[in-house]
Every structure is written in C-alpha cells, then in structure tokens.
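Down below is the structure, laid out as structure tokens.
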Amino acid sequence: MDFQFGIPSEAIFGSGSSKKIGGILEGLNAKKVLCVYDQGVKVAGIVDKVLTYLKVGSIDVIEFDHVLPNPPDTIVDEGAQLAKEENVDAIVAIGGGSAIDAAKAINILLTNPGPIHQYDGLNLVTNPTKPLVAVPTTSGTGSEVTSFTVITDTTELKKMVIGGQHCGANIALLDPDLTIGLPPSVTAATGMDALTHAIEAYVSKAASVPSDVNALKAIELIYNNLEKAYKSGSNIEARTNMLLGSMLAAYAFNSAVLGLVHAIAHPLSVHCGLAHGVANACGLPYVMKYNAEDEKVQKRNKDIAKAMGLNVENLSNAEASEKAIEAVKKLSNALDIPTLEQVGVKREQFNQIAEDALKEIGMLFNPREATKEDVIRLLESAY
Ligand SMILES: NC(=O)c1ccc[n+]([C@@H]2O[C@H](COP(=O)([O-])OP(=O)(O)OC[C@H]3O[C@@H](n4cnc5c(N)ncnc54)[C@H](O)[C@@H]3O)[C@@H](O)[C@H]2O)c1
Ligand SMILES: [Zn+2]
C-alpha cells in the first residue's frame with residue numbers, strides 16, 4: 001500500500017467559532033489584513049459581523065469586495081495590486097469557494113511573480129505565502145481546507161486548477177451559524193457539489209484508506225442533511241452537519257482528486273456561466289451511472305449506498321450501485337436541481353464542452369476513461 005495524504009489547514013470548527021478571528025490574527029502577528037469577499041456575503045450581513053469580531057484588536061483592515069463567481073484572473077490581479085500597495089501582512093477570506101479561491105490566488109501573487117497563469121498545475125508555486133484565514137459561508141467547495149485554488153483564465157477560456165504547496169489557507173474557521181441564511185437554491189447546488197466531491201473521491205483512481213474514511217463519512221452527513229437544510233435553512237443541526245460533511249469531502253478529494261463530473265462542470269461554467277454547484281449537480285447521477293458500468297465501481301457504489309443508510313446488505317454490487325444512483329437522482333429532484341436545458345445550455349455548445357472536458361485534470365482520476373462521444377452522450381442525458 002502506498003499513498004500521499006495531507007491537508008494544508010488547521011480547522012477550527014463550531015458554532016460561534018468565527019468570533020475567534022481577531023485573536024487568531026493577532027496570534028499570526030497580523031497588523032494589516034486584506035479582507036476578500038463578494039457582494040452576496042456583504043448583503044447577507046456576514047462581512048460586517050466577521051469584521052466586528054476581527055476589529056477587536058489593533059488590526060487594520062483593507063477591504064476587497066470585487067470577487068465574482070468562478071473568479072476570473074482579472075480580479076485576482078486587481079486584488080493583488082491593492083494588497084501590495086497597502087503592504088498587508090495577512091489575508092482573510094469570507095465567503096464561498098469564489099471568495100476563498102480569489103484570496104488564495106491573491107496571496108500567491110503577493111510573494112510570487114505574476115501572472116497567475118504560470119502556476120496552473122501542481123506544485124508550481126515556489127515561494128511561501130503570507131498567513132491566510134478562510135471563513136467559509138457555503139457548505140460546498142471545502143476550499144477552506146484544500147491546497148487548490150480554481151481561477152478562470154479569461155483568455156484561454158478555462159478553469160485553472162492551481163494546487164500544491166503554498167496554495168492553501170493556514171487556518172479554516174468553520175462556523176455553521178454563518179451558513180444559516182444561505183438561500184435554498186445555493187444550499188442545494190453547493191451541497192450537491194460537496195456530495196460530488198465525496199463520491200468522486202471515493203471512486204477515484206487515487207483513492208486511499210484515509211481519503212475513503214473521510215469520503216464515506218462525508219456522504220453519510222451530506223446525504224442525510226442536505227434536504228433538511230434546503231427545506232429549513234435555520235435547522236442548525238442540518239447546517240452543522242453540512243459544513244462538517246463538506247469539509248470532510250474536501251479532506252478526501254484534496255488527495256484523491258476528482259473525476260468526470262468536475263471535468264464536465266468546469267467547461268460548463270466557463271462557456272455557459274453555470275454556478276459550479278449547479279454544473280456538478282446536473283451531471284452527477286448520469287456520470288455515476290456511466291462509471292457504474294465498471295464492476296469495480298459497482299462495488300464502491302455499494303459502500304456509498306451503505307454510507308447513505310440504504311438497505312443494500314443483501315443486494316448484489318450491481319443492484320446496490322443502482323440504488324445509490326437512484327437515491328442521488330431522487331435527492332436532486334427533491335432539491336429542484338434544474339436540467340442543462342433549463343439553465344440555458346445550448347446543444348450547439350456540447351462539442352466545445354466535450355473537447356474541453358477531455359483536457360481537465362479530473363479525467364486522469366476518473367475510474368473509467370471517457371471519450372468525447374461519451375461526454376456528449378452524458379450532456380444529452382443531463383439535458
Ligand atoms: N479550491 C477548491 O478546492 C475548490 C473546490 C471546489 C470548487 N471550487 C470553486 O469554488 C467556486 C464556487 O464556490 P461556491 O459554490 O461556494 O459559491 P460562491 O462562492 O460563488 O457563492 C455562491 C453565491 O452565494 C452567496 N453566498 C455565499 N455564502 C452566503 C451566505 N451564507 N448567505 C447568503 N449568500 C451567500 C455568494 O455571495 C454568491 O453569490 C467555483 O469557482 C469552484 O470552481 C474550489
Ligand atoms: Zn466542486
């Protein structure tokens with residue numbers, strides 16, 4: 001047995017944990033911090049709340065509020081320029097994966113030369129970065145604990161996956177209270193993204209014992225709490241379990257990487273503007289079905305069904321796998337996940353999406369090797 005497993009960030013989890021941010025930054029010797037967020041979290045009142053906790057000490061705060069979904073390289077340059085002019089000595093990200101990834105990329109450019117594109121890939125960032133504290137407000141990407149940042153290359157029209165050393169947050173401050181006001185549709189999409197992370201990590205070619213343990217626990221937590229969080233946003237137990245589940249899913253995929261669902265989701269976001277979670281949610285059950293033609297995947301899917309709590313003990317691997325796929329489909333329906341047609345994808349775009357999907361890193365780790373025709377058929381199923 002041989003594997004590589006690790007997480008770049010220390011996780012501090014619990015209701016009210018975001019109140020510790022001031023003390024944490026003082027502990028990191030931060031005097032002036034860049035706070036990175038988007039308009040959605042600002043309007044939700046979360047930024048002001050966290051800034052109140054942050055300003056208890058003598059820490060100066062510079063705010064950068066230009067983050068956009070699927071963050072483009074242009075805002076990374078803008079944020080890095082501001083951070084350099086202001087000579088900040090630490091960064092705080094408040095928000096979903098978009099804010100956290102933008103903050104990570106800005107941090108890279110503070111101590112490494114630009115442009116950011118030269119770091120697309122694994123372990124290409126050489127200089128150590130400044131302290132970064134990530135405060136997630138969605139229960140989806142798990143970016144607060146991963147060593148990846150995903151940035152849209154607006155020239156090449158692709159999502160760069162920049163990963164490895166110096167790319168993570170030092171401290172993840174996971175406070176479920178901050179996720180209470182997440183709107184239902186965002187709860188659904190980001191939660192399905194987290195479920196996709198766990199499932200893709202579990203069937204990945206790079207899965208290992210530690211990634212498996214985390215993936216299965218994540219599947220149990222997410223499958224049994226996502227609909228509750230969607231239907232009743234203020235259910236703090238469901239919100240807590242979703243934040244924990246999304247974090248554990250990230251523990252799994254940070255080493256096991258992802259697969260075909262993400263490989264298709266990235267070009268869907270780039271060419272059709274789909275939110276990351278929606279793009280994954282649309283494809284997940286169909287890719288699961290496609291992968292389940294492999295008998296080894298059927299066996300893995302039986303474990304997934306068990307983690308979900310389905311009664312599959314006496315079923316064959318193939319039958320249990322079918323139950324897991326049906327359960328994911330049923331969950332998608334309960335969460336009102338749209339079809340690709342409903343979110344405005346055009347059939348004429350399938351060819352380009354399929355070509356770009358083949359170049360994605362997820363293709364290397366998916367348990368079945370897919371062709372362009374396979375991807376087009378999958379897009380057709382999700383239409
Ligand atoms: N770095 C990684 O390891 C990793 C992994 C998976 C995905 N990603 C990336 O993360 C990005 C997606 O992040 P996301 O799915 O978290 O979405 P997001 O960060 O784009 O947020 C979605 C929307 O929800 C709003 N929002 C966030 N929290 C809220 C709250 N508590 N209350 C009200 N509104 C709130 C935001 O303002 C935004 O409008 C994509 O670019 C994706 O590629 C990164
Ligand atoms: Zn994802």
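We count residues from 1, following the sequence as given. All ligand and atom numbering here is 1-based and tracks the order in the structure.
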Worksheet item: If only atom types and distance count, is the side chain of Asn225 paired as donor or acceptor with the main-chain N or O of Arg239 below 3.5 Å?
Response: no

Of all heavy-atom pairs linking His166 and Pro128, the shortest is ND1-CA, 3.5 Å

Using the ring of each side chain (for Trp, its six-membered ring), is His66 parallel, tilted or perpendicular to Phe64, with breaks at 30° and 60°?
-> tilted

Counting heavy atoms under 4.0 Å, the part of Leu182 that contacts ligand 1 is both

Looking only at heavy atoms, the pair that brings Ile151 and Asp101 closest together is CD1-O, 3.8 Å

Rounded to 10°, the NE2/His262 to the Zn ion (ligand 2) to NE2/His276 angle comes out at 100°

So for Ala250 against ligand 1, with non-hydrogen atoms under 4.0 Å, the contacting part is neither

Scanning both residues in full, the closest heavy-atom pair of Arg377 with Asp374 reads NH2-OD1, 2.9 Å

Atom 21 (O) of ligand 1: closest protein heavy atom, distance to 0.1 Å, is Thr138 CG2, 4.3 Å

Nearest heavy-atom approach of Glu200 to Leu258 is OE1-CB, 3.8 Å

The atoms of ligand 1 lying under 4.0 Å from a heavy atom of Ile46, numbered in the order shown, are 30 (C), 31 (N), 32 (N)

*Counting N and O atoms only, with roles assigned by atom type, does the side chain of Asn214 sit under 3.5 Å from a partner on the main chain of Pro210, one being a donor and the other an acceptor?*
yes

Per-atom filter on ligand 1: closer than 4.0 angstrom to a heavy atom of Pro183 are 33 (C), 34 (N)

Checking heavy atoms under 4.0 Å, the part of Leu178 that sits near ligand 1 is backbone

Would Ala265 count as a contact residue for ligand 1, given that I'm defining contact as a non-hydrogen atom of the residue lying under 4.0 Å from a ligand atom? no

| Taking the side chain from Asn123 and the backbone from Gln165, do they hold a donor-acceptor pair closer than 3.5 Å? | yes

Candidates Lys159, Lys104, His197; heavy atom nearest atom 40 (C) of ligand 1 found on Lys159

Original post:
Between Ser15 and Asp177, does any side-chain donor sit less than 3.5 Å from a side-chain acceptor?
Top reply: yes

Logged contact type for Ser98 with ligand 1, heavy-atom cut-off 4.0 Å, is both

Checking heavy atoms under 4.0 Å, the part of Phe253 that sits near ligand 1 is side chain

Please check atom 9 (C) of ligand 1 for a protein heavy-atom neighbour under 4.0 Å.
yes

Please work out whether the ring planes of Tyr383 and Phe350 are parallel, tilted or perpendicular, with thresholds of 30° and 60°. perpendicular

Just distances here: any N/O of Gln39 and N/O of ligand 1 closer than 3.5 Å? no

Check if Gly181 has a non-hydrogen atom at a distance under 4.0 Å from any atom of ligand 1. yes

Going by the 4.0 angstrom heavy-atom rule, the piece of Thr190 near ligand 1 is side chain

One finds that the ligand 1 atoms under 4.0 Å from a non-hydrogen atom of Asn70 are 40 (C), 41 (O)

Quick look: Thr137 vs ligand 1, heavy-atom contacts under 4.0 Å, and the answer is both

Candidates Val43, Asp101, Asn254; heavy atom nearest atom 1 (N) of ligand 1 found on Asp101

Scanning both residues in full, the closest heavy-atom pair of Ala207 with Ala256 reads CA-CB, 4.0 Å

At under 4.0 Å between heavy atoms, what of Asp38 touches ligand 1? The answer is side chain

Numbered in order shown, the ligand 1 atoms found under 4.0 Å of a heavy atom of Val186 are 24 (O)

* Asked: Donor-acceptor pair, Lys130 side chain versus Val88 backbone, under 3.5 Å?
  -> yes

* To do: Please determine if Gly277 has a nitrogen or oxygen closer than 3.5 Å to a nitrogen or oxygen of ligand 1.
  => no

Atom name of the N, O or S atom of His197 nearest to the Zn ion (ligand 2) is NE2

If only atom types and distance count, is the side chain of Ser9 paired as donor or acceptor with the main-chain N or O of Glu144 below 3.5 Å?
yes

Looking at Asp193, the N, O or S atom sitting nearest the Zn ion (ligand 2) is OD1

Minimal heavy-atom distance between Leu132 and Asn107, with the atoms involved, is CB-ND2, 3.8 Å

Under 4.0 Å from one or more heavy atoms of Ala44, ligand 1 contributes atoms 32 (N), 33 (C)

Any heavy atom of Val41 under 4.0 Å from ligand 1? The part involved is both

